[in-house]
Amino acid sequence: MTNTTSPTLIVIDVQKEYITPGRPFYLSGIEPSLSNARRLLEHARAEGWPIIHVQHLQDGAVFNRDDPASGFVEGFEPLAIERHVTKDKLSAFTNPEFASVIEAAGSADVFVIGYGSTMCCLATVVDAPLYGRKLTFVHDASWARAPGPAFNEAETHRHATAIIGIHGKLATVDQLMHPPTLTRP
């Protein structure tokens, strides 16, 4: 059955790895984006949107399925009625179940939030046109890891968002939660 009316929310890698100081992928500036992600997730749940939680799991020291840091951030755990898929590569489309769920969304809008905007969110949005979709990246509910001391998280995220906008659409949480109303003259 194809869903053609209700938007779908994709929550990519909102995992403890990103909020745990000392971890390799810790994001020091994550708090505002995490707050926005929480607001949008609560809104999507209240509106009854289909929600897909994507979890990065792989063998090795980071995102290892046996490591508590690979678990979801508190409050972002999938509810029983929500989809949960895992991946071991950057793009969520590497999981065939994910690709099928996105295809089943029909013509409905699909919104992406999560971590990191330079890696998994970017790869997923860039891959979407290969599957006949154009996803909307909610950039204020996402954040990026700086690739070294010469960069900062905010600048890195801004550049990643610009690149993502070439391949998909861009939006903010407020734009999704409070769309403009049309008035007639």
Side-chain angles (χ1 to χ4, degrees), residues 1-15 18 25 33 36-58 63 72 76-145 156-182:
M1 182 171 158
T2 300
N3 173 11
T4 58
T5 57
S6 186
T8 297
L9 179 63
I10 303 169
V11 182
I12 296 180
D13 301 347
V14 181
Q15 294 169 253
Y18 293 105
F25 283 82
S33 67
N36 282 334
R38 193 176 312 280
R39 285 178 46 225
L40 186 56
L41 179 59
E42 289 169 0
H43 174 77
R45 285 174 170 164
E47 294 293 317
W49 296 1
I51 299 169
I52 307 165
H53 297 266
V54 179
Q55 183 179 23
H56 196 104
L57 296 174
Q58 62 189 35
F63 298 109
F72 290 105
F76 286 90
E77 303 90 347
L79 300 179
I81 61 169
E82 298 168 352
R83 277 285 188 39
H84 172 226
V85 297
T86 62
K87 62 180 178 57
D88 62 358
K89 294 181 177 49
L90 296 179
S91 175
F93 281 101
T94 60
N95 182 314
E97 180 184 354
F98 177 85
S100 295
V101 171
I102 297 304
E103 182 180 341
S107 62
D109 288 326
V110 178
F111 302 111
V112 174
I113 63 173
Y115 305 108
S117 56
T118 57
M119 297 177 298
C120 298
C121 293
L122 174 69
T124 300
V125 175
V126 168
D127 276 357
L130 300 173
Y131 293 85
R133 294 307 306 244
K134 194 165 203 162
L135 306 180
T136 300
F137 180 61
V138 186
H139 57 89
D140 63 344
S142 306
W143 201 237
R145 181 172 162 258
T156 302
H157 178 65
R158 186 173 55 81
H159 290 296
T161 298
I163 293 166
I164 290 170
I166 294 168
H167 302 281
K169 299 181 233 174
L170 301 174
T172 65
V173 170
D174 284 340
Q175 288 171 330
L176 299 182
M177 292 177 61
H178 309 291
T181 56
L182 299 176

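As the structure is a computational prediction, the values presented were derived from the model and not from experiment.
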Looking at [X] and [Y], what are the two nearest heavy atoms and their distance?
X: F93; Y: A128; result: CE1-CA, 3.6 Å
X: C120; Y: I12; result: CB-CG2, 3.8 Å
X: I164; Y: S117; result: CD1-O, 3.6 Å

Spatial distance of atom [atom1] ([X]) from atom [atom2] ([Y]) [nearest 0.5 Å]:
X: H43; Y: D174; atom1: NE2; atom2: CG; result: 10.5 Å
X: C121; Y: D13; atom1: SG; atom2: CG; result: 7.0 Å
X: T86; Y: L57; atom1: OG1; atom2: CG; result: 5.5 Å
X: E82; Y: W49; atom1: CD; atom2: CH2; result: 12.5 Å
X: K87; Y: E97; atom1: NZ; atom2: CD; result: 14.5 Å
X: W143; Y: T161; atom1: CH2; atom2: OG1; result: 9.0 Å

Side chain to side chain donor-acceptor pair (under 3.5 Å) partners of H167, counting only residues at least two apart: none
Going by side-chain contact (heavy atoms from CB on, under 4.5 Å), L176 matches just one of D109, I113, V138. Which one? V138
Using the six-membered ring wherever Trp is involved, compare the ring planes of H157 and H139 and label them parallel, tilted or perpendicular (cut-offs 30° and 60°). tilted
Please work out whether the ring planes of F63 and Y18 are parallel, tilted or perpendicular, with thresholds of 30° and 60°. tilted
I'd like to check V110 versus I52 (side-chain heavy atoms, cut-off strictly below 4.5 Å). Are they in contact? no
Any side-chain heavy atom of L79 sitting closer than 4.5 Å to one from I51? no
Start with the C-alpha gap between T156 and R145, add the side-chain angles, then the distance that decides, and say whether side chain to side chain contact (heavy atoms under 4.5 Å, CB included) holds. CA-CA 7 Å; T156 302; R145 181 172 162 258; over 6 Å; no
Derivation and outcome, side chain to side chain donor-acceptor pair (under 3.5 Å), residues Q55 and H53: CA-CA 6 Å; Q55 183 179 23; H53 297 266; over 6 Å; no
Less than 6.0 angstrom separating the ring centers of H56 and F25, yes or no? no
Not counting sequence neighbours, list each pair that qualifies as a side chain to side chain donor-acceptor pair (under 3.5 Å) and has a residue in residues 118-133. S91-D127
Check: G114 main-chain N/O paired with S142 side-chain donor or acceptor under 3.5 Å: yes
